[in-house]
There are 2 protein chains.
Amino acid sequence: MLRMGKLTDYGIVLMSYIAEHRSKQHSAHMLSDAVHMPLPTVRKILKVLSAGGLLTSERGAQGGYILSGDPADISVAQIITAIEGPIALTECVSSASQCDQETHCAVQTNWNQINNAVFHALDEVKLADMLTPTLSAARPVQFYPPSYRAKAVSLQDGDQHE
Amino acid sequence: MLRMGKLTDYGIVLMSYIAEHRSKQHSAHMLSDAVHMPLPTVRKILKVLSAGGLLTSERGAQGGYILSGDPADISVAQIITAIEGPIALTECVSSASQCDQETHCAVQTNWNQINNAVFHALDEVKLADMLTPTLSAARPVQFYPPSYRAKAVSLQDGDQHE
DNA sequence: TTAAATGATACTATAATGGTATCAATTAGG
DNA sequence: CCTAATTGATACCATTATAGTATCATTTAA
Ligand code: FES
Ligand code: FES
């Protein structure tokens, strides 16, 4: 659930790499090699990240990208937002209640709370935190009780989900 | 970002409705009318919710669904998990590191932390909380600074995201 | 026996996503 | 100036995921 696009993960990997080598400027080409992702995809992501203000670009020969700010100030939420757009778990919440269900949906207002909580969780993790191989708390691994998974049943036909 | 399927929202609405009328047993038909959703879709969701153990079903004429537990014990995270499968923001994290990037991806381990945080945020909101029209904190509305949205740029062509 | 209900599968159309290609604009360096 | 290296912007396609629908089997109250 709550699937985040693969491109976003790539984006975070890229940002992490750039943060780890802040001194240099990085071209899409170099990054593609360094992180082993297809060049066109890397370009696309970098472009968006730049447009989002997280990276500063320099055009022309010898151009490339550098971090716009300090890794300690850039949050995962920011990166995700830049790549996937504003955080909105449901359709309804995004555009100020244009949902036709709205009238019958007592839940609506409460979603804001939830979005809020999720956003905070993601906003407190800074890029700098991602660099340290594994933070203090050594690998929490199972973040949901195994029973959840056991019971999980697919909505789709063929099924997958893991 | 972090789009959650529309069906999941429906699922939560359904659970909320059932929780609000715990006394009675509800058939898919009745619920479809009450919440104004297409009947087949309602059936599908209820089935999954039942398979997930959140609803208890009774077959045959006069059958229907009731809540399996107390609304105060059922979390939003449980509902989401039941409908969409285990919480895993990235592809990589889901199946214990089968990602080919993995070797180059220093970020990987830290994702668990993030997933953990998000899951907790969602697990602390119980179904009972969703029933109270608006909890104490009156509408937090803007859960991310407007600047985020202003800067947001799409990955896709036509663009939308809101 | 019938009708009302859930359970299980299978299918289809639409949309989202990931990925690729193409050309324009910019700039350093010979 | 000219060329090569680089980002910026669009447009496109293929694959997949999603939402939605249809169909039949199974159970059970009346
Ligand atoms: S279904 Fe639209 S607001 Fe909940
Ligand atoms: S890209 Fe696969 S673990 Fe991060």
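Chain letters run A, B, ... following the sequence lines, proteins first, then strands; residues in each count from 1.
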K.L.:
What are the residues of residues 55-62 of chain B, sorted by number, that bring a heavy atom to within less than 4.0 Å of DNA chain D?
P.N.:
R59(B), G60(B), A61(B)

K.L.:
Measure the distance from CD1 on I66(B) to P on dA5(C) and round it to the nearest whole Å.
P.N.:
16 Å

K.L.:
Side-chain contact test, heavy atoms from C-beta onward, threshold under 4.5 Å: evaluate it for I80(A) versus L122(A) and give yes or no.
P.N.:
yes

K.L.:
Nearest whole angstrom, please: distance from the P of dG19(C) to the CD1 of I45(A).
P.N.:
8 Å

K.L.:
If you measure from OG1 on T8(B) to CG on L14(B), what distance do you get to the nearest 0.5 Å?
P.N.:
11.5 Å

K.L.:
In whole Å, what is the span from the CG atom of D9(A) to the P atom of dG19(C)?
P.N.:
11 Å

K.L.:
Whole Å only: how far is the CG atom of L39(B) from the P atom of dA19(D)?
P.N.:
18 Å

K.L.:
Check DNA chain D against residues 22-31 of chain B and give the residues with a non-hydrogen atom under 4.0 Å, in numerical order.
P.N.:
none

K.L.:
In terms of side-chain heavy atoms of K44(A), which of dT7(D), dG20(D), dT20(C) is nearest?
P.N.:
dT20(C)

K.L.:
Ignoring backbone atoms, establish whether Y10(B) has a side-chain N or O less than 4.0 Å from OP1 or OP2 of dT18(D).
P.N.:
no

K.L.:
Where is the tightest heavy-atom contact between A19(B) and L127(B), given as atom of each residue plus distance?
P.N.:
CB-CD2, 3.9 Å

K.L.:
On a heavy-atom basis, which atom in G11(A) and which in I83(A) lie closest, and how many Å separate them?
P.N.:
CA-CD1, 3.7 Å

K.L.:
Got a second to check how far K126(A)'s NZ is from L131(A)'s CG, nearest 0.5 Å?
P.N.:
13.5 Å

K.L.:
My understanding is that only residues two or more places apart in sequence, or in another chain, count here; which of them pass side-chain contact (heavy atoms from CB on, under 4.5 Å) with P40(B)?
P.N.:
P38(B)

K.L.:
What nucleotide among dA8(C), dG20(D), dT10(D) has an atom nearest to a side-chain atom of K47(A)?
P.N.:
dT10(D)

K.L.:
Measuring to OP1 and OP2 of dT6(C), would you say a side-chain N or O of S50(B) lies under 4.0 angstrom away?
P.N.:
no

K.L.:
Donor-acceptor pairs under 3.5 angstrom involving side-chain atoms of residues 58-74 of chain B: please list them, not counting sequence neighbours.
P.N.:
{"from": "E58(B)", "atom 1": "OE1", "to": "Q25(B)", "atom 2": "NE2", "distance (Å)": "3.1"}
{"from": "S68(B)", "atom 1": "OG", "to": "G53(B)", "atom 2": "O", "distance (Å)": "3.1"}
{"from": "S68(B)", "atom 1": "OG", "to": "L54(B)", "atom 2": "O", "distance (Å)": "3.2"}
{"from": "S68(B)", "atom 1": "OG", "to": "L55(B)", "atom 2": "N", "distance (Å)": "3.3"}
{"from": "S68(B)", "atom 1": "OG", "to": "L55(B)", "atom 2": "O", "distance (Å)": "3.3"}
{"from": "S68(B)", "atom 1": "OG", "to": "T56(B)", "atom 2": "N", "distance (Å)": "3.3"}
{"from": "S68(B)", "atom 1": "OG", "to": "T56(B)", "atom 2": "OG1", "distance (Å)": "2.9"}
{"from": "D70(B)", "atom 1": "OD1", "to": "A72(B)", "atom 2": "N", "distance (Å)": "2.9"}

K.L.:
Can you give me every donor-acceptor pair (side chain of residues 26-35 of chain A, partner residue at least two apart or in another chain, under 3.5 Å) with its distance?
P.N.:
{"from": "H26(A)", "atom 1": "NE2", "to": "H21(A)", "atom 2": "O", "distance (Å)": "2.9"}
{"from": "S27(A)", "atom 1": "OG", "to": "H29(A)", "atom 2": "N", "distance (Å)": "3.4"}
{"from": "S27(A)", "atom 1": "OG", "to": "M30(A)", "atom 2": "N", "distance (Å)": "3.1"}
{"from": "S32(A)", "atom 1": "OG", "to": "M37(A)", "atom 2": "O", "distance (Å)": "2.7"}

K.L.:
Output the rounded distance in Å from CE (M4(B)) to C1' (dA16(C)).
P.N.:
17 Å

K.L.:
Would you mind reading off the distance between L46(A) atom CG and dT6(D) atom P, rounded to a whole angstrom?
P.N.:
13 Å

K.L.:
Rounded to whole Å, please give me the gap between CG in L14(A) and P in dT7(D).
P.N.:
12 Å

K.L.:
When rounded to the nearest 0.5 angstrom, what is the spacing between CD1 in I12(A) and CD in Q78(A)?
P.N.:
11.5 Å

K.L.:
Between C1' on dA17(D) and NZ on K6(A), what's the gap in Å once rounded to a whole number?
P.N.:
13 Å

K.L.:
From the list dT21(D), dT6(C), dT20(C), which nucleotide is the closest neighbour of the side chain of R43(B)?
P.N.:
dT6(C)

